[in-house]
Amino acid sequence: MTTSGDIPASSEGFVPSVLTGPWLEGLNEAQTDAVTSLNGPLLVLSGAGTGKTRVLTSRLAQLVASRAAAPWNILAVTFTNKAAREMKERVFQLVGPMAEQVMLGTFHALAARMLRRHAELVGLKSDFTILDTDDQNRLLKQLMEAEQIDLKRWPPRVLAAQISSWKDRGLRPEKLSVADAGDICNGRGLELYSQYQARLVRLNAVDFGDLLLHMLYIFQTHPDVLTSYQTRLTHIMVDEYQDTNVAQYLWLRLLASANKNLCCVGDDDQSIYGWRGAEVGNILRFETDYPGAKTVRLEENYRSTGHILAAASSLIAKNENRLGKTLYTSTGDGNKLLVSGYWDGQDEARNVASKIEGHLKEGFDLNQIAVLVRAGFQTREFEERFLAIGLPYRVVGTRFYERAEIRDAMAYLRLINQPADDLAFERIINTPKRGLGPATLQVIHQLARGRDMPLLAAAGALADSDELKPQARRTLSAFCAQMARWYQQKDSLPPAEFAQMVLDESGYTEMWQKDKSPDSPGRLENLKELISAIEDFDTLGGFLEHISLVMDNETTPQEGEVTLMTLHAAKGLEFDMVFLPGWEDGIFPSQRTLDESGGAGLEEERRLAYVGLTRARRQVCISFAANRRVHGLWQSSIPSRFVGELPARHIDEDMAQGLSFGQVEPVLVGTLAERAGQPGYGPGWKRLASRQNNLSSAPERDRDGWLPQSGKHDFKLGERVFHQKFGMGSVEAMEADKLEIQFDKAGLKKVVASFVTRGDEID
Ligand code: ATP
Ligand code: MG
């Protein structure tokens with residue numbers, strides 16, 4: 001039996017056979033050519049907004065309608081929800097609910113679905129947990145502490161980044177040598193990587209990079225599994241191919257190697273994930289990798305008006321390392337790009353907000369407006385302003401799920417869904433405060449280690465013993481009982497209702513209601529937002545899976561809301577009006593990228609600018625500020641070199657503050673506190689500063705390292721034993737893992753067997 005699914009491998013017996021339909025309407029000649037070339041390797045390499053994604057969605061419909069492939073024969077790697085939705089809808093119109101059988105999603109989502117079927121081949125269970133960066137860093141920290149690595153010199157996130165980059169390149173620990181690993185963690189990087197992988201397996205967990213790495217390994221070592229997927233998935237399509245990393249590239253190559261029906265679309269000018277291991281070379285090598293590949297180029301841009309397209313094209317032409325393309329539009333010149341200079345970031349946010357309000361009054365749809373920033377921290381200033389004036393907005397991306405309160409709430413849900421999720425247990429056992437301090441946690445850890453059991457199970461065992469003080473026992477016992485009850489109820493209530501109940505019954509909601517800090521109302525709002533996000537799901541498990549794989553660019557706003565997101569997350573999307581604030585050297589292009597990657601880094605930043613500009617259909621508003629507070633420090637800044645690279649004929653300058661390019665007044669550099677006393681920076685700034693500090697995640701808790709497990713007990717009745725706390729005693733009774741012991745001094749106690757040693761083993 002094949003392991004790839006319950007679905008027949010061939011498309012026989014599958015009904016429709018239509019050669020034309022509405023999905024072909026309005027396509028230009030080159031697009032039609034791509035959409036109707038259904039077999040053999042096909043590359044669509046062309047500029048922004050030329051309809052590459054549209055070609056993919058139409059081609060999917062064409063494959064199904066013409067019977068070249070059944071829905072279950074198709075694997076499509078998509079990056080935007082919009083594209084995924086369009087693909088499903090098209091296929092649904094053709095074949096009804098069978099549309100669900102298309103394997104559709106991001107690389108990670110697809111690999112996760114496959115890995116759940118074959119988890120045992122890499123030592124996991126199919127219900128493995130997908131860790132996020134926070135969990136990952138915490139785990140690495142434990143390992144590094146145990147190895148006495150100086151965490152100041154080697155912060156865990158540095159090792160985490162190194163490990164992800166190995167994973168992006170398809171390198172498991174056994175593929176690396178100590179020399180490859182370099183001096184990271186004093187030359188112990190490889191050893192720590194191996195330990196980390198082993199620990200993940202013990203926790204029945206994977207990190208993001210593992211999803212692809214494990215599947216790649218399975219394909220490489222289990223030809224039967226690979227063959228079953230090759231038989232089933234006869235046609236593969238990939239959007240944004242320029243951003244594939246080595247692991248994704250190899251994974252695709254293995255899957256496509258039998259049928260060679262691989263259609264990739266992309267744009268070398270939009271390769272923006274080099275820093276995360278993407279290799280633009282993959283797209284440039286396509287014709288060599290797949291001899292006889294057909295290449296289609298699209299030149300008409302259907303998205304942006306003339307000035308926007310021309311400005312974007314001349315900006316990207318400054319890059320040396322590119323294929324070069326010509327694009328044209330038939331929609332007319334439209335508006336010039338508006339470039340504005342402001343005094344500082346707050347001023348910029350105020351002006352952007354009031355521009356948006358102005359457009360709102362003109363009847364502009366807020367959903368059609370986006371503010372795209374270079375770095376996540378830049379959204380905050382806009383959030384503050386939008387909140388202050390009541391302008392509806394949404395911050396898109398994973399950041400929402402990185403907030404402490406959301407992570408706490410998720411940890412409750414994870415632990416209920418998967419009682420062996422130790423990282424979730426550690427996060428919430430004393431949140432809200434239950435008086436279960438480090439001493440109690442230590443005992444729980446000790447038992448869990450000794451008996452190789454999950455922390456929650458260890459807590460349950462201890463609640464029913466005299467190992468802990470009565471108060472801690474009562475609390476722990478109530479906690480475990482509550483967990484058990486929730487576990488029973490989890491499938492009988494709609495997930496959103498269930499999640500609300502858990503937050504209320506656990507005291508978590510109340511904890512924030514009682515909290516008097518300025519950001520607690522915001523946190524309560526976020527929790528509400530979480531509940532409404534869960535409403536879209538039928539099961540709790542389904543929601544949790546979605547979250548671990550959440551697409552960076554979720555864009556289905558509930559009602560009119562301005563979208564705030566990073567440029568990276570905006571890839572593939574489009575909006576009528578796009579604001580591009582913070583175009584200052586050091587911010588954009590980012591100083592860090594310039595320092596780390598020099599000229600190549602600058603070119604990647606320029607591609608990012610190109611992506612930003614080409615998201616806009618009708619209007620682009622670029623801005624910069626003369627003074628900027630970055631991570632609490634004020635700095636004066638000069639406009640981005642990219643501003644200077646935009647041809648004057650395509651832009652309108654709007655120097656409301658009397659500033660213009662290159663004429664920026666020098667400003668004091670100082671901390672926010674120093675700044676707060678100056679004119680225009682009243683006490684509100686202090687509040688803002690404290691609020692920002694509170695936005696970071698909850699304080700780290702102390703964690704135990706793990707030790708090798710010990711064997712099971714074989715005590716006998718009447719045997720003399722020793723217990724750390726209660727001293728010597730004799731075994732009176734035994735039940736499963738517990739012993740009742742008459743202690744010489746402490747009297748009769750029920751204790752956990754693994755906490756007891758034989759009396760004669762004590763010197
Ligand atoms: P990006 O490089 O940003 O990912 P893309 O090449 O994938 O862009 P699409 O998003 O597919 O481009 O198309 C851009 C816009 O142009 C979309 O709104 C799409 O519906 C529209 N479009 C594409 N082809 C045509 C066409 N032949 N006629 C009219 N509109 C089109
Ligand atoms: Mg696209």
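For this chain, numbers begin at 1 and follow the sequence in order. Each ligand, and each atom within it, is numbered from 1 in the order the structure gives.
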Enquirer: If the cut-off is 4.0 Å to any non-hydrogen atom of E240, which atoms of ligand 1 fall inside it?
Expert: 4 (O)
Enquirer: Would F219 and Y229 count as a close aromatic pair, with their ring centres under 6.0 Å?
Expert: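 Here the rings of Y229 and F219 have centres that are less than 6.0 Å from each other.
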Enquirer: Determine whether more than 12 heavy atoms belonging to other residues, nucleotides or ligands lie under 6.0 Å from atom CZ of R592.
Expert: no
Enquirer: For a side chain to side chain donor-acceptor pair (under 3.5 Å) with H307, tell me which candidate from H650, R649, K336 qualifies.
Expert: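 Single pass found, and it is H650.
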Enquirer: Have a look at ligand 1 and work out which part of K571, if any, has a heavy atom under 4.0 Å from it: side chain, backbone, both or neither.
Expert: neither
Enquirer: In terms of ring plane angle, is the pair F208 and H108 parallel, tilted or perpendicular, where the classes change at 30° and 60°?
Expert: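 Answer is tilted, since the angle falls between 30° and 60°.
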Enquirer: Starting from atom 31 (C) of ligand 1, find the nearest protein heavy-atom neighbour and note its residue, name and distance.
Expert: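 Its nearest protein heavy-atom neighbour is R54 NH1, 3.2 Å.
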Enquirer: Of Q31, R615, K52, which has the heavy atom at the shortest distance from atom 2 (O) of ligand 1?
Expert: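 Answer by nearest heavy atom: K52.
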Enquirer: With a 3.5 Å cut-off and no angle check, do the side chains of E300 and T50 form a donor-acceptor pair?
Expert: no
Enquirer: Say whether T50 and ligand 1 are in contact under the criterion: heavy-atom distance to a ligand atom below 4.0 Å.
Expert: yes
Enquirer: Looking at every heavy atom in both M87 and L60, which two are closest together, and how far apart are they?
Expert: CB-CD2, 3.5 Å
Enquirer: Could you tell me how the ring of H568 sits relative to the ring of Y273: parallel (under 30°), tilted (30 to 60°) or perpendicular (over 60°)?
Expert: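 Because their plane-to-plane angle lies in the 30° to 60° range, the rings of H568 and Y273 count as tilted.
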Enquirer: Side chain or backbone of E300 under 4.0 Å from ligand 1, or both, or neither, by non-hydrogen atoms?
Expert: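 No part of E300 comes within reach of ligand 1.
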Enquirer: I want to know whether W583 and F624 have ring centres closer than 6.0 Å.
Expert: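 Aromatic pair excluded; centres sit 6.0 Å or further apart.
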Enquirer: What atoms in ligand 1 come closer than 4.0 Å to a heavy atom of G51?
Expert: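 Every atom of ligand 1 under 4.0 Å from some heavy atom of G51: 5 (P), 6 (O), 9 (P), 11 (O), 12 (O), 13 (O), 23 (C).
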Enquirer: Students should be able to answer this: which protein heavy-atom is nearest to atom 17 (C) of ligand 1, and at what distance?
Expert: E574 OE2, 3.3 Å
Enquirer: Among all protein heavy atoms, pick the one closest to atom 10 (O) of ligand 1 and tell me residue, atom and distance.
Expert: R303 NH2, 3.0 Å
Enquirer: Run down the list Y302, F79, Y610 and name the one with the heavy atom closest to atom 29 (C) of ligand 1.
Expert: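 The residue whose heavy atom sits nearest atom 29 (C) of ligand 1 is Y302.
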Enquirer: Using a 4.0 Å cut-off to any heavy atom of L27, which atoms of ligand 1 qualify?
Expert: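 Counting atoms of ligand 1 from 1, those under 4.0 Å from L27 are 27 (N).
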Enquirer: Using a strict cut-off of 4.0 Å, indicate which atoms of ligand 1 neighbour a heavy atom of G26.
Expert: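 Under 4.0 Å from G26, ligand 1 has these atoms: 26 (C), 27 (N), 28 (N).
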